[in-house]
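Okay, so here's the structure we're looking at.
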Amino acid sequence: TAKRLGDELEALGYSVHRGVGGTGLIALLENGPGPTVMFRADMDGLPVQEKSGLSYASQAKQIDADGNEVYVMHACGHDVHTACLLGAAKILQETKGQWEGTVKLIFQPGEEKNPGGAHLLINEGVLENPKPDAIFALHVHTTMDVGKVSFKKGKVMASADELYITVRGKGGHAAS
């Protein structure tokens, strides 16, 4: 997934940094002076065997932390998150004449792990060079009607002394 995403982003003209936090990606699109806006999507494959029977069902396997070969799939909407951010990357590239600044895209691995991929990315400096002026993320939610969008405002707090991000607000996990 990371290789394909990196290749697609490079083809769109983004500067891509691979292997961040393991398999994560940072993609930058600089477009003159202005704010740096960061968008984040999780993209980790989870140790779940897809049993849908569909022709395109995941047959991928990987070695887990215990050395066992396990099936993996983009469960919990991670395929949607990744596709949405890649689509946004394309739109932002196509509309460069309508905005200025820097777009910083983060494709985060390990969202479901403990500690999560956000810890690894923060430790590797994802919030620096350039430092984002605003950060946006998304998560699909199974209880919303098709065609509806909701949002919540939250404050993300992180410091060099912390190995976690605290999000102020209410919410839950889409798989619930």
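The first residue in the sequence is number 1, and the count goes up from there. Values in this document were obtained by computation on a predicted structure and should not be read as measured data.
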Practice task
Could you go through the side-chain contact (heavy atoms from CB on, under 4.5 Å) check for K131 and T36 one step at a time?
Solution key: CA-CA 7 Å; K131 181 178 179 179; T36 296; over 6 Å; no
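- Side chain of E50 to backbone of S58: a donor-acceptor contact under 3.5 angstrom is found.
- Put simply, the side chain of K104 gets close to the backbone of P130: a donor and an acceptor are under 3.5 Å apart.
- Listed by first then second residue, pairs satisfying ring pair (Phe, Tyr, Trp, His ring centres under 6.0 Å) with a partner in residues 7-26 number zero, not counting sequence neighbours.
- In this structure, D42 contributes its side chain and H81 its backbone to no donor-acceptor pair below 3.5 Å.
- For the pair Q59/Y71, a side-chain contact is recorded, criterion being any heavy-atom separation below 4.5 Å from C-beta on.
- Side-chain N or O atoms of E124 include one that pairs as donor or acceptor with a backbone N or O of G21 at under 3.5 Å.
- Under the 4.5 Å side-chain criterion, counting only non-hydrogen atoms from C-beta, M43 is in contact with T23.
- Under the 4.5 Å side-chain contact rule for hydrophobic residues, L5 and V72 do not share a cluster.
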Exercise for the section: Starting from the C-alpha separation in whole Å, work towards a yes-or-no answer on side-chain contact (heavy atoms from CB on, under 4.5 Å) for L121 and R40. Expected result: CA-CA 11 Å; L121 295 178; R40 173 232 165 251; over 6 Å; no
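- Residue K90 holds its NZ atom at 12.5 Å from CG of L9, rounded to the nearest 0.5 Å.
- For the atom pair CG (L12) and CG (L92), the distance works out to 10.0 Å, reported to the nearest 0.5 Å.
- Rounded to the nearest 0.5 Å, atoms CD1 (I91) and NZ (K96) are 15.5 Å apart.
- No donor-acceptor pair under 3.5 Å is formed between the side chain of W99 and the backbone N or O of N31.
- Partners of F39 by ring-ring contact (aromatic ring centres under 6.0 Å, His included), not counting sequence neighbours, listed by chain and number: F136.
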Handout entry: Residues L127, I135; criterion side-chain contact (heavy atoms from CB on, under 4.5 Å); working and verdict
Key = CA-CA 10 Å; L127 298 177; I135 303 171; 3.9 Å; yes
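- With values rounded to the nearest 0.5 angstrom, L105 atom CG is found 10.5 Å from I26 atom CD1.
- In this structure E10 satisfies the salt bridge (Lys or Arg N to Asp or Glu O under 4.0 Å) test together with R18, sequence neighbours excluded.
- V20 is not listed as a side-chain neighbour of I106, based on a closest heavy-atom distance of 4.5 Å or more.
- Closest of all the heavy-atom pairs between D133 and P35 is OD2-CA, 3.2 Å.
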Exercise for the section: Starting from the C-alpha separation in whole Å, work towards a yes-or-no answer on side-chain contact (heavy atoms from CB on, under 4.5 Å) for T1 and F107. Expected result: CA-CA 10 Å; T1 301; F107 290 88; over 6 Å; no
